[in-house]
Amino acid sequence: MIKEAILAVYLTVARIIFHLCRLAPLQHKTVMLASFGDNIQAVASEVAAQTGSRILILKEPGCRHQFDDVPEQNIIGFSPAQVVNWIRGLYHLATSEVVFVDNYHLILAACDFQQEAICVQLWHANGAVKRFGLYDKTIMERPQSAVRRFKQVYGRFHKVVVSSDEMADIFKRAFNLSDANMLKTGVPRTDFYRSEKCLAEAQDTMKDALSQIHGKKVLLYAPTFRDDGFTLDKLPLDVKEMEAALGSEYHLLIQLHRTVELKDVQDTNFVTHVSGKHNIASLLSITDILITDYSSIPFEFSMLKRPMIFFAYDFEQYERTRGIWFDYKKTMPGPVVETTDALMETIQQNRFDEAEVTAFDATWNRFADGQATSRLVKAIYKAD
């Protein structure tokens, strides 16, 4: 309850400042509240190219993107620990014609935007396996004040950008929104996967950065986080067994969720820990086989029409505690395995169905045709 009281005070102060700032008229500018940054980066470049709108980035502490093509003075470190910048950020949120966000941002609970303003959610995942929002099973453990706060934040989203009807249905349920709130233009960062030029450039960059993959096929292990496992003593995969069976032909890259830390990391001739060192899209560009679990990464990787294995060693527990949106074993486009032995056998015996991946891509990336960012900006700035 102490945490809830602190949050209530924080939001009360933010709400007062925001409403004072709202007294000023809307300005011809675009504010982008960045937690992840991938989609924000793509949209910022396109807004600059297509419109005359002034662009400001409110960069949260965890955001790793540098936004090199945005003037430095227009990038504001947005955190209550930086009081002056935080107030500046609230002013820009209150007086901007267009606001893009890319996550659940607590501050939005205090942001009752002016009627003419529009807030666009550029969610950080192109698809979803695990439940979130109002359908997250852990919400039952939260106090009612927290649930009310979640609903306030979700209610700020005038539009949510999606790449498929299926993801639109998930967002409508998760955020208690309607079809009118869905913007079916395709998620901006998916343009990368439809561009041979972008893929080739990324592959060249990654091959230069990771000389150890030369002459080898690349396995990328990219699991999502567990609510009780933000620090790992060891991986659930038996890396030594994999090296003995696959080391002559493959190199394993390990990309953990950004919230997860692996203790005692040791790179070898077979495995390289790449977490936090490279853009995930660039890593996927050089990946021959993706190994994942309940992550949203397969929704983008399917655009490359390459094999995937779903290492769901804790499926029953995860489904029971976190929740999954659909029939996981029938929906995911690749073999679902629970042990390292089964995973190795799948790779060695090439148990993959390309048609499965192609069908998955056609369903979940229906609107992601390589022109998503341009189409989104045109839809938002109709009269610019």
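- For the pair D369 and R194, the salt-bridge criterion is not met [side-chain N within less than 4.0 Å of a carboxylate O].
- Between Y328 and Y294, the two ring planes are tilted [angle within 30° to 60°].
- Under the 4.0 Å criterion applied to side-chain N and carboxylate O atoms, E316 and R320 are not assigned as salt-bridge partners.
- Taking the six-membered ring where the residue is Trp, the centroids of Y104 and W123 are separated by 6.0 Å or more.
- Between the NZ atom in K382 and the NZ atom in K378 there is a gap of 13.5 Å [rounded to 0.5 Å].
- Looking at H251 and T272, their side chains do bring a donor and an acceptor atom within 3.5 Å of each other.
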Start with the C-alpha distance between D293 and T224, add both sets of side-chain angles, then the distance that settles side-chain hydrogen bond (donor to acceptor under 3.5 Å, both in side chains), and finish with yes or no. CA-CA 7 Å; D293 47 22; T224 192; 5.3 Å; no
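- I380 is listed as a side-chain neighbour of V98, based on a closest heavy-atom distance under 4.5 Å.
- For N269, the CG atom sits in a loose shell: 12 or fewer heavy atoms of surrounding residues, nucleotides or ligands are nearer than 6.0 Å.
- Within a 6.0 Å radius of NZ in K277, more than 12 heavy atoms belonging to other residues, nucleotides or ligands are found.
- Using modelled atom types and a 3.5 Å distance limit, the side chains of N365 and S163 yield no donor-acceptor pair.
- The nearest pair of heavy atoms linking L56 to I76 is CD2-CD1, 4.3 Å.
- Atom CD of E72 is surrounded by 12 or fewer heavy atoms from other residues, nucleotides or ligands within 6.0 Å.
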Could you go through the ring pair (Phe, Tyr, Trp, His ring centres under 6.0 Å) check for F175 and F150 one step at a time? CA-CA 9 Å; F175 296 154; F150 297 157; over 10 Å; no
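- Taking the six-membered ring where the residue is Trp, F132 and F171 present perpendicular rings, their angle passing 60° and hence far from 30°.
- In this structure, CE on M206 lies 7.0 Å from OG on S285, to the nearest 0.5 angstrom.
- Side-chain contact of K29 with T95: a donor-acceptor pair under 3.5 Å is present, judged by distance alone.
- Residues K184 and D179 are paired through a salt bridge, judged by an N-O separation under 4.0 Å between the basic side chain and the carboxylate.
- Looking at E4 and R149, a side-chain N of the basic residue comes within less than 4.0 Å of a carboxylate O on the acidic one, giving a salt bridge.
- Screening Y91, F18, Y10 for a ring-ring contact (aromatic ring centres under 6.0 Å, His included) with W86, the sole residue that qualifies is Y10.
- Salt bridge status for D112 with R22: present, with a side-chain N to carboxylate O gap under 4.0 Å.
- Here the CG atom belonging to D102 is positioned 7.0 Å from the CD atom belonging to Q121, to the nearest 0.5 angstrom.
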side-chain hydrogen bond (donor to acceptor under 3.5 Å, both in side chains), that's the test. Do E60 and H105 meet it? Break it down for me. CA-CA 10 Å; E60 293 190 336; H105 299 278; 3.0 Å; yes
Would N103 and S35 count as a side-chain hydrogen bond (donor to acceptor under 3.5 Å, both in side chains) if you check the C-alpha gap in whole Å, the side-chain angles of each, and the deciding distance to 0.1 Å? CA-CA 6 Å; N103 202 351; S35 175; 3.0 Å; yes
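- Between K207 and D204 there is no salt bridge, since no side-chain N of the basic residue sits under 4.0 Å from a carboxylate O of the acidic one.
- Between D288 and K216 there is no salt bridge, since no side-chain nitrogen of the basic residue lies less than 4.0 Å from a carboxylate oxygen of the acidic one.
- Salt-bridge check for R306 with E354: failed, with every basic side-chain N at 4.0 Å or more from each acidic carboxylate O.
- The CG atom of N74 lies 8.5 Å from the CD1 atom of I55; values are rounded to the nearest 0.5 Å.
- Looking at residues two or more places apart in sequence or on another chain, you find no ring-ring contact (aromatic ring centres under 6.0 Å, His included) involving F270.
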